[in-house]
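Written out below as structure tokens is the structure these notes cover.
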Amino acid sequence: MELNGEQILPVGQQRAWTALNDIELLRLCVPGCESMTRTADDTYEATVNAAIGPVKARFHGTFALTDIQAPDSYTLRFDGNGGATGFVRGQARVVLQADGADRTRLRYVTSAQVGGKLAQIGSRLVDAAAGAMSEKFFAAFSQQLTSAGGAEGAAGKAAAAHGGLGWWGLLWAFLRRLFVKR
């Protein structure tokens with residue numbers, strides 16, 4: 001399945017890129033995030049607790065960045081497993097584009113597979129849960145971006161040097177789009 005999406009970030013492109021590379025900032029913004037760690041160059045692991053309708057799961061995931069062209073684009077390859085709840089795996093092409101001096105347009109094209117109970121749950125429940133998580137992430141992320149030092153702290157500078165990524169926001173936006181009826 002292939003999905004396209006877009007999000008306007010309330011900061012310039014370089015600052016948006018830095019924030020998307022700040023693992024501590026992202027950890028604070030992702031609903032239910034227990035941990036987020038760098039395991040190798042451009043490779044990360046994370047654990048997130050999520051509830052989708054009556055199903056609650058602890059998802060463990062790995063994410064790797066390829067085709068990095070800072071501060072413009074990258075490809076994110078992801079594989080998340082929630083045990084008996086199911087899995088999600090695929091890739092997203094992410095492009096950042098300046099939209100004025102203080103706004104950045106984040107666009108993505110995602111192709112993914114979803115399986116297990118996650119694929120069997122009614123789309124309305126999945127849509128509601130994923131939509132709520134996505135909205136919470138982007139609200140928290142935008143607030144952090146506009147607060148003093150949100151993307152410019154020591155963690156942001158260190159993560160930018162190592163090529164991290166705001167993949168959780170993309171994953172939740174993808175899940176929301178995956179289960180929206182058109």
Side-chain angles (χ1 to χ4, degrees), residues 1-31 33 36-46 48 59 61-80 88-114 130-131 133-146 149-180:
M1 176 172 287
E2 185 173 290
L3 299 170
N4 302 313
E6 181 175 297
Q7 180 72 33
I8 298 295
L9 303 176
V11 294
Q13 184 175 345
Q14 184 59 51
R15 190 160 175 216
W17 181 267
T18 300
L20 289 171
N21 288 290
D22 186 335
I23 197 166
E24 289 303 315
L25 175 70
L26 296 172
R27 186 186 57 74
L28 292 172
C29 296
V30 175
C33 184
M36 194 177 297
T37 57
R38 182 172 183 239
T39 58
D41 285 346
D42 306 323
T43 304
Y44 303 85
E45 287 184 352
V48 174
F59 288 90
T62 58
F63 303 86
L65 302 174
T66 61
D67 307 321
I68 300 168
Q69 304 211 357
D72 300 317
S73 64
Y74 52 78
T75 298
L76 166 70
R77 298 185 195 289
F78 54 89
D79 188 357
V88 60
R89 70 175 63 107
Q91 67 179 19
R93 181 68 183 159
V94 179
V95 177
L96 293 177
Q97 181 180 20
D99 188 23
D102 61 351
R103 286 174 30 130
T104 301
R105 186 174 308 273
L106 181 152
R107 291 187 175 130
Y108 61 92
V109 175
T110 304
S111 59
Q113 297 176 327
V114 178
M133 292 178 90
S134 178
E135 288 174 17
K136 287 178 184 178
F137 171 81
F138 282 117
F141 190 65
S142 292
Q143 182 179 21
Q144 289 290 330
L145 287 175
T146 56
E152 297 172 348
K157 291 176 184 175
H162 298 293
L165 165 69
W167 33 265
W168 282 109
L170 297 172
L171 177 60
W172 295 129
F174 162 74
L175 287 172
R176 185 179 83 207
R177 293 288 308 265
L178 177 66
F179 294 103
V180 171

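The figures here come from the full heavy-atom set of this structure, side chains too, leaving out hydrogens, waters and symmetry mates.
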| said: Using side-chain heavy atoms (C-beta onward) and a distance below 4.5 Å, is R93 in contact with S73? | reply: yes
| note | P31 and V48 have their tightest heavy-atom pair at O-CG1, 3.5 Å
| request: Would you confirm whether T104, through its side chain, and V11, through its main-chain N or O, come within 3.5 Å as a donor-acceptor pair? | output: yes
| Going through the checks in order, is the side chain to side chain contact (heavy atoms under 4.5 Å, CB included) test met by T66 and Y74? | CA-CA 6 Å; T66 61; Y74 52 78; over 6 Å; no
| query | Given the rule in the side chain to side chain contact (heavy atoms under 4.5 Å, CB included) test, do Y44 and I23 qualify, once you have shown the distances and angles that lead to the verdict? | reply | CA-CA 9 Å; Y44 303 85; I23 197 166; 3.7 Å; yes
| task | Start with the C-alpha gap between L96 and R107, add the side-chain angles, then the distance that decides, and say whether side chain to side chain contact (heavy atoms under 4.5 Å, CB included) holds. | result | CA-CA 6 Å; L96 293 177; R107 291 187 175 130; over 6 Å; no
| How far apart are the closest heavy atoms of C33 and M36, and which atoms are they? | SG-CE, 3.8 Å
| field | Rounded distance (nearest 0.5 Å) linking atom CZ of R77 with atom CZ of R89 | value | 14.0 Å
| field | A92 versus F78, closest heavy-atom pair with distance | value | N-CE2, 4.1 Å
| query | What's the spacing between D79 CG and E45 CD if we round to 0.5 Å? | reply | 11.0 Å
| task | Kindly say whether E6 contributes a backbone atom to a donor-acceptor pair with the side chain of R105 at under 3.5 angstrom? | result | no
| field | Residues forming a side-chain hydrogen bond (donor to acceptor under 3.5 Å, both in side chains) with Q14, sequence neighbours excluded | value | none
| request: Report the C-alpha separation of D99 and I8 in whole Å, then their side-chain angles, then the decisive distance to 0.1 Å, and conclude whether the side chain to side chain contact (heavy atoms under 4.5 Å, CB included) test is met. | output: CA-CA 8 Å; D99 188 23; I8 298 295; 3.9 Å; yes
| remark: Output for pair (C29 SG, E24 CD), nearest 0.5 Å, gives 11.0 Å
| query | What residues, two or more places apart in sequence or in another chain, satisfy side-chain hydrogen bond (donor to acceptor under 3.5 Å, both in side chains) together with T43? | reply | none
| said: Any non-hydrogen side-chain atom of L76 less than 4.5 Å from a side-chain atom of F63? | reply: yes
| task | Before giving the answer on side-chain hydrogen bond (donor to acceptor under 3.5 Å, both in side chains), spell out for D72 and Q13 the whole-Å C-alpha distance, their side-chain angles and the decisive distance to 0.1 Å. | result | CA-CA 8 Å; D72 300 317; Q13 184 175 345; 2.7 Å; yes
| query | CD/Q143 to CG/L28 distance, rounded to the nearest 0.5 angstrom? | reply | 11.0 Å
| field | Spacing of L145 atom CG and D22 atom CG [to the nearest 0.5 Å] | value | 9.5 Å
| said: Under the side chain to side chain contact (heavy atoms under 4.5 Å, CB included) test against L65, which residue among V94, D42, D41 passes? | reply: D42
